[in-house]
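For ligands, and for the atoms within them, numbers begin at 1 and follow the listed sequence.
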Amino acid sequence: MKPLAQGAEAKIYKENSTIIKERLAKAYRHPELDHSLRQFRTRREAKVLQKLEELRFPAPHLREFSDKRMSIVMDFIPGETLKEVLQQKENDFEHLAKEIGERIGQLHKADIIHSDLTTSNMIQRKESGEVTFIDFGLSFFSEKIEDKAVDLFLLDRALGTTHAEIYPAVFEEVLEGYQEEYADADNVLSRLQLVERRGRNKKK
Ligand SMILES: Nc1ncnc2c1ncn2[C@@H]1O[C@H](COP(=O)(O)OP(=O)(O)O)[C@@H](O)[C@H]1O
Ligand SMILES: [Mg+2]
């Protein structure tokens, strides 16, 4: 099987309509730490995918996982990453960005923090056009406003670098959708301003 993608974390293989995501050993990490980290992330990704399916949130269906082989088998989502879609000029980014924000609002409503919100971790489904989220290995459950604000902050940063030509409008649309979906959004957005100030001060 040839890998479909080789991320920082894992090797991704496609087999018919499934994706196999395997977390490989990292030579630079202490072997025991490396083992427990990969095991933790494999279990975490599987657990969050199960929870999302219960919530009927658009994410891949989990077929199986093994914390010995450090692998997850899930449905292949046909389509393009939002990174690709948003880099094509002819696309209506406002509509898509708003949908991204609504989906993040749903995650945060369920106290799920994604922790790696980039447009490479979102796929627009071919048939329905629906935005589907992937890559939940760093996700966790938290009620904290701070954790939700940091989640949005990382997306803000990622959009600024990956989609500079439609930034900041693209992030403003995300926040629009987020506020429509999530009743506690205003608290998170006030905290986001503090997080951004903190980020700026750190750079100096
Ligand atoms: N279920 C899936 N369906 C379609 N493509 C996928 C799926 N899972 C991963 N991919 C593709 O593989 C890439 C890397 O997978 P990801 O889970 O994000 O791993 P990493 O932790 O290495 O970023 C994604 O950006 C996407 O292009
Ligand atoms: Mg990824």
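- Side-chain contact check for E173 versus H95: every heavy-atom pair is 4.5 Å or farther apart.
- Shortest contact from atom 23 (O) of ligand 1 to any protein heavy atom: D135 OD2, 2.9 Å.
- Contact annotation: S120 places no N, O or S atom under 2.8 Å from the Mg ion (ligand 2).
- Each of the following atoms of ligand 1 lies closer than 4.0 Å to a heavy atom of T81: 27 (O).
- Neither side chain, D34 nor Y28, offers a donor N or O lying under 3.5 Å from an acceptor on the other.
- Nearest protein neighbour of atom 14 (C) of ligand 1, counting heavy atoms only, is I12 CG1, 3.8 Å.
- Below 4.0 Å from some heavy atom of N121 lie the following atoms of ligand 1, by number and element: 18 (O).
- The ligand atoms of ligand 1 that sit less than 4.0 angstrom from a heavy atom of I19 are 1 (N), 2 (C), 3 (N), 7 (C), 8 (N).
- Of the candidates F140, F136, F141, H114 forms a ring pair (Phe, Tyr, Trp, His ring centres under 6.0 Å) with just one, namely F136.
- Counted within 6.0 Å of NZ on K26, heavy atoms from surrounding residues, nucleotides or ligands total more than 12; the atom is thus considered enclosed.
- At least one heavy atom of D75 sits under 4.0 Å from some atom of ligand 1.
- Between E45 and R23 there is a salt bridge, with a side-chain nitrogen of the basic residue lying less than 4.0 Å from a carboxylate oxygen of the acidic one.
- In terms of N/O distances under 3.5 Å, ligand 1 is not approached by E45.
- No side-chain heavy atom of Q39 sits less than 4.5 Å from a side-chain heavy atom of K68.
- The Mg ion (ligand 2) is closest to atom OD2 of D135 (considering only N, O or S atoms).
- Checked options K109, E102, R103; the residue passing with Q106 is R103 (criterion: side chain to side chain donor-acceptor pair (under 3.5 Å)).
- In this structure, S120 counts as a contact residue of ligand 1, since one of its heavy atoms falls inside 4.0 Å of the ligand.
- When each of D186, D184, D111 is tested with K148 by the rule salt bridge (Lys or Arg N to Asp or Glu O under 4.0 Å), just one qualifies, namely D111.
- For a threshold of 3.5 Å applied to N or O pairs, the pair formed by F76 and ligand 1 contains no separation below that value.
- Close contacts of ligand 1 with M74, meaning ligand atoms under 4.0 Å from a residue heavy atom, involve 1 (N), 8 (N).
- Shown in contact with I134 at under 4.0 Å from a heavy atom are these atoms of ligand 1, numbered in order with element: 8 (N), 9 (C), 10 (N), 18 (O), 24 (C), 26 (C).
- Heavy-atom proximity to atom 4 (C) of ligand 1, evaluated over D116, I77, T132, is greatest for I77.
- For the residue pair Q87 / E165, no side-chain donor-acceptor distance below 3.5 Å is found, with atom types taken as modelled.
- The nearest heavy-atom contact from the protein to atom 22 (O) of ligand 1 is G7 CA, 3.2 Å.
- The shortest contact between atom 5 (N) of ligand 1 and any protein heavy atom is with I123 CD1, 3.5 Å.
- In summary, D116 places no N/O/S atom under 2.8 Å from the Mg ion (ligand 2), failing the contact criterion.
- A salt bridge links E146 with R198; the closest basic N to acidic carboxylate O contact falls under 4.0 Å.
- Among all non-hydrogen protein atoms, the one lying nearest atom 17 (O) of ligand 1 is K21 NZ, 2.8 Å.
- Put simply, the side chain of R125 reaches to within 4.5 Å of the side chain of P78, judged on heavy atoms.
- Among all protein heavy atoms, the one lying closest to atom 13 (C) of ligand 1 is A5 CB, 4.0 Å.
- Here H163 and F171 keep their ring centres 6.0 angstrom or further from each other.
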